[in-house]
There are 2 protein chains.
Amino acid sequence: MELSRASTVNVYNTRGRALVRVTITQVAVHAGVSVASASRALNGQIASAKTVAKVQQAAEELGYVADATAQSLKLGRTNQLAYAVADIGNPVYVEMMTAIERVVSASGYRLVLSSTGTSSSSVDVVRDLGRGYVDGMILSPLRVTDELLSALAKTPTPVVVLGRLPDSATLDTVRADSITAMRLLVDHLVEEGRGDVVFVNGPSDTTPGALRRDGFAAAVAAHPAISARSVGADDFTIAAGYAAALRVLQEHPRPDAIVAANDLIGIGSIQAATDLGLTVPGDIAITGVDNTELAGVIRPGLTSVDLGAEERGRVAAELLLARIEEPNRPAHTVTVAPSLVVRGSSRARTQGPAVSPPSHRTEASDLNDERAAR
Amino acid sequence: MELSRASTVNVYNTRGRALVRVTITQVAVHAGVSVASASRALNGQIASAKTVAKVQQAAEELGYVADATAQSLKLGRTNQLAYAVADIGNPVYVEMMTAIERVVSASGYRLVLSSTGTSSSSVDVVRDLGRGYVDGMILSPLRVTDELLSALAKTPTPVVVLGRLPDSATLDTVRADSITAMRLLVDHLVEEGRGDVVFVNGPSDTTPGALRRDGFAAAVAAHPAISARSVGADDFTIAAGYAAALRVLQEHPRPDAIVAANDLIGIGSIQAATDLGLTVPGDIAITGVDNTELAGVIRPGLTSVDLGAEERGRVAAELLLARIEEPNRPAHTVTVAPSLVVRGSSRARTQGPAVSPPSHRTEASDLNDERAAR
DNA sequence: ATGAAAGCGCTAACAA
DNA sequence: TTGTTAGCGCTTTCAT
């Protein structure tokens, strides 16, 4: 094992730790009953009070905990569900995870998070989770390939997909409505008097990238008077958004609005504009997508369209629980409606610095900003 | 199942999905061999080429995947490790997770993330993971209680703790050096001519909160000439930091420096100062802890002390792998040295807006800013 | 090289 | 109410 030269390492004697696993057989022997009685006593099945007492004391004394793999093998379920997501660095996925966790833990499941991004592909993750580690999984794939669809079709484990799938795939799915979302943003900018809009996308070979690009194209088509085009950032991150926006803002003529494909790109765009000495929204209006907490925290506040991450997570979890309960039920596709949240970054006039807490859409202080959509 | 009124729901017919799990027995029958031969063929044990071919084809045709729980029960290991963390919304934990994942996946383990924050306590998580779901775990507890120490002592699963433990606990541990970290920050601020410093802590009943508070107190004790005090934010978040800083900055006399207990509180403090019409660093210098990506992204850049999250994660993973391999080895405590990263938020004079990409400490553009520590 | 059989730790059906 | 026993799916001796 290599350790950094900068580190200090101390070594202590290991106390005698109980690295051995105590089994139910040992508990039964210790309590003077059969393993069946021990199992029943431990699981609240019918057993005499005397037996229960003896077994519980024996279990306590020996530090018994039931082995999860043996229990799972016998019972055919693990009481574990997985949320598999590519990019846990994006706050919107953390928000979804929190919503999912709330629902599944209320139903007695533990949620484990599988990060598909780093070393393994989503296909590997689906295959692996399909081996019985979990009773069901919620998948947020960044790219939907034929290989992934085939893995999804083959896995015996119930799956719910967050994101768009081809119509041919009849799986439970929860989707955002990118078309409406982009229309809300473009309509808003046009209302605010912007006429030269650039869409700063993430990678367009990802599902969200393709959908938001198409949504933007459809939205601007409804406004023949404005000028619009798209560029791509390398990633859905602040740094990539910064780099892409820097290029866009140094062109001539400079656009008067940037529609970023997500909040991170939008925040990078605000920083780029500020570093170029431009004012937001005076010189340039900037909007994001996802309405993450950061959008309310940055100055100026980032106008963003809320894709309902919390609701999508919650619904996905509910669909998964329903499918586990009834494996052959028809597949559902749920589309969650977006809503626009207008903040300072896209208004026609700048407001003076006001003392108000950074707000998120769930906070009352934000309600003034919010506009209903659809 | 309840669905939001705003949502659209479509229902399709379910294609006949293979919800049944195919076992190795079925593969063996299909291939015309015994289960033992099938197992050997599948696992690369000695078997004739003919047998291997037959078995592999049968497995392919039937879509066989070995059941994880049965395999785990038989082999006594799961090939899974867990990272249990309270607050996955904090980017520093994501950074650690990424480092951990890199190490463990190189050794053939899958990493699962257990979020201890939301519904269950860390004690529950330790107990649950100790049931055999995983071969080992890395724990980042926010609070170290006697109950947690007792659960840690009892679990048969190898554990590495990220954070400080009482000296009586002889477990593998990886720690940051809060004392040195806070000293680096305070020394830097004094050098820059600041003389009235407020420490905006997170909850001081957490381990990081207590350590950073003590570190700050020790650091200011070395500078009798400056005035210093501490206040507490409700949480290690941007919003809580904003609220706490707002209070501090409205007092008279106003301090000329804020030392925030982490970057999120520091960013909230910058926003609060800006919203009050103060300039950073002109009117007030602000520093953070953790050197997360956000510190390089915000304007002005947030001076921060890097606690070595990447290294701590990597070392923790290495310690865990070493312990799994050799369960009775002596316990190691590794302390990772901090380093100061100076950015615009704490300099004596403000620099004009410069066009440079948002930088993180790993990027070359940041090297100019960085000062070696220790 | 292959097959029969034991057994990982647990729960549940059946008998007593 | 309790104990005996089968068996979840897999790997691995042990014979052959």
Side-chain angles (χ1 to χ4, degrees), chain A residues 18-56 58-59 62-80 128 130-135 155-157, chain B residues 18-56 58-59 62-80 128 130-135 155-157:
Chain A
L19 287 165
V20 286
R21 204 168 272 289
V22 22
T23 71
I24 199 172
T25 307
Q26 299 173 38
V27 173
V29 170
H30 196 78
V33 299
S34 70
V35 287
S37 289
S39 174
R40 282 187 292 251
L42 258 7
N43 294 316
Q45 312 276 48
I46 41 173
S48 71
K50 202 173 62 184
T51 302
V52 171
K54 280 190 298 186
V55 170
Q56 280 183 343
L62 271 46
Y64 170 79
V65 280
D67 182 80
T69 56
Q71 224 167 18
S72 296
L73 177 60
K74 178 65 190 177
L75 298 176
R77 60 193 154 71
T78 63
N79 291 321
Q80 278 195 141
D128 218 36
R131 304 214 304 134
Y133 287 113
V134 296
D135 298 338
T155 186
T157 306
Chain B
L19 286 164
V20 286
R21 203 169 272 288
V22 19
T23 71
I24 198 172
T25 306
Q26 299 173 39
V27 173
V29 170
H30 197 78
V33 298
S34 70
V35 286
S37 288
S39 174
R40 282 187 291 252
L42 257 8
N43 294 316
Q45 312 276 48
I46 41 173
S48 71
K50 202 173 61 186
T51 301
V52 172
K54 279 191 300 188
V55 171
Q56 280 183 344
L62 270 47
Y64 170 78
V65 281
D67 182 81
T69 57
Q71 225 167 17
S72 297
L73 177 59
K74 180 65 191 175
L75 298 176
R77 59 190 155 73
T78 62
N79 292 320
Q80 279 194 141
D128 217 35
R131 303 214 306 136
Y133 287 112
V134 296
D135 298 338
T155 186
T157 306

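As the structure is a prediction and not an experimental result, all values here were calculated from the model.
To the nearest angstrom, P of D:dG9 lies 17 Å from CG of B:Asn43. We find that NZ of A:Lys74 is positioned 7 Å from C1' of D:dA6, with the value rounded to whole Å. Put simply, CG on A:Leu75 is 9 Å from C1' on D:dC8, counting in whole angstrom units. Whole-Å rounding puts the A:Ile46 CD1 to C:dA15 P distance at 16 Å. As rounded to whole Å, 10 Å separates atom P of C:dG9 from atom OH of A:Tyr64. When rounded to the nearest whole Å, the span between CD of A:Gln26 and C1' of C:dG9 equals 11 Å. Rounded to an integer number of Å, the gap from A:Arg77 CZ to D:dC8 C1' is 13 Å. B:Asp67 places its CG atom 12 Å from the P atom of D:dC8, with the value rounded to the nearest Å.
In this structure, the side chains of A:Asp135 and A:Gln80 stay at 4.5 Å or more apart for every pair of heavy atoms. Looking at A:Val27 and A:Lys54, their side chains never come closer than 4.5 Å, going by heavy atoms from C-beta outward. The shortest side-chain heavy-atom distance between B:Val55 and B:Val33 falls under the 4.5 Å cut-off.
Heavy atoms of B:Thr51 sit under 4.0 angstrom from primed sugar atoms or phosphate atoms, though from no base atom. Here A:Ala47 lies in heavy-atom contact (under 4.0 Å) with sugar-phosphate atoms only.
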Inset, instruction - May I have the step-by-step check of side chain to side chain contact (heavy atoms under 4.5 Å, CB included) for B:Ile24 and B:Gln71, ending in yes or no? - result: CA-CA 11 Å; B:Ile24 198 172; B:Gln71 225 167 17; over 6 Å; no
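In this structure, the nucleotide among C:dC8, D:dC10, D:dG3 sitting nearest to the side chain of B:Leu73 is C:dC8. Listed nucleotides: D:dG9, C:dC10, D:dT12. Nearest to the side chain of B:Ala36: D:dT12.
A close approach under 4.0 Å does occur between a side-chain nitrogen or oxygen of B:Gln45 and OP1 or OP2 of D:dT12. The phosphate of C:dT11 has OP1 or OP2 within less than 4.0 Å of a side-chain N or O from A:Gln71. A sub-4.0 Å separation between OP1 or OP2 of C:dT2 and a side-chain N or O of B:Ser48 is present. Regarding contacts with the backbone of D:dG3, a side-chain N or O of A:Ser37 is found under 4.0 angstrom from either OP1 or OP2. The phosphate of C:dT11 has OP1 or OP2 within less than 4.0 Å of a side-chain N or O from A:Ser39.
Shortest non-hydrogen contact noted between A:Thr78 and A:Ser72 is CA-OG, 3.6 Å.
Interface remark: the B:Arg131 side chain does not form any donor-acceptor pair with the C:dG9 base, using a distance-only criterion of under 3.5 Å.
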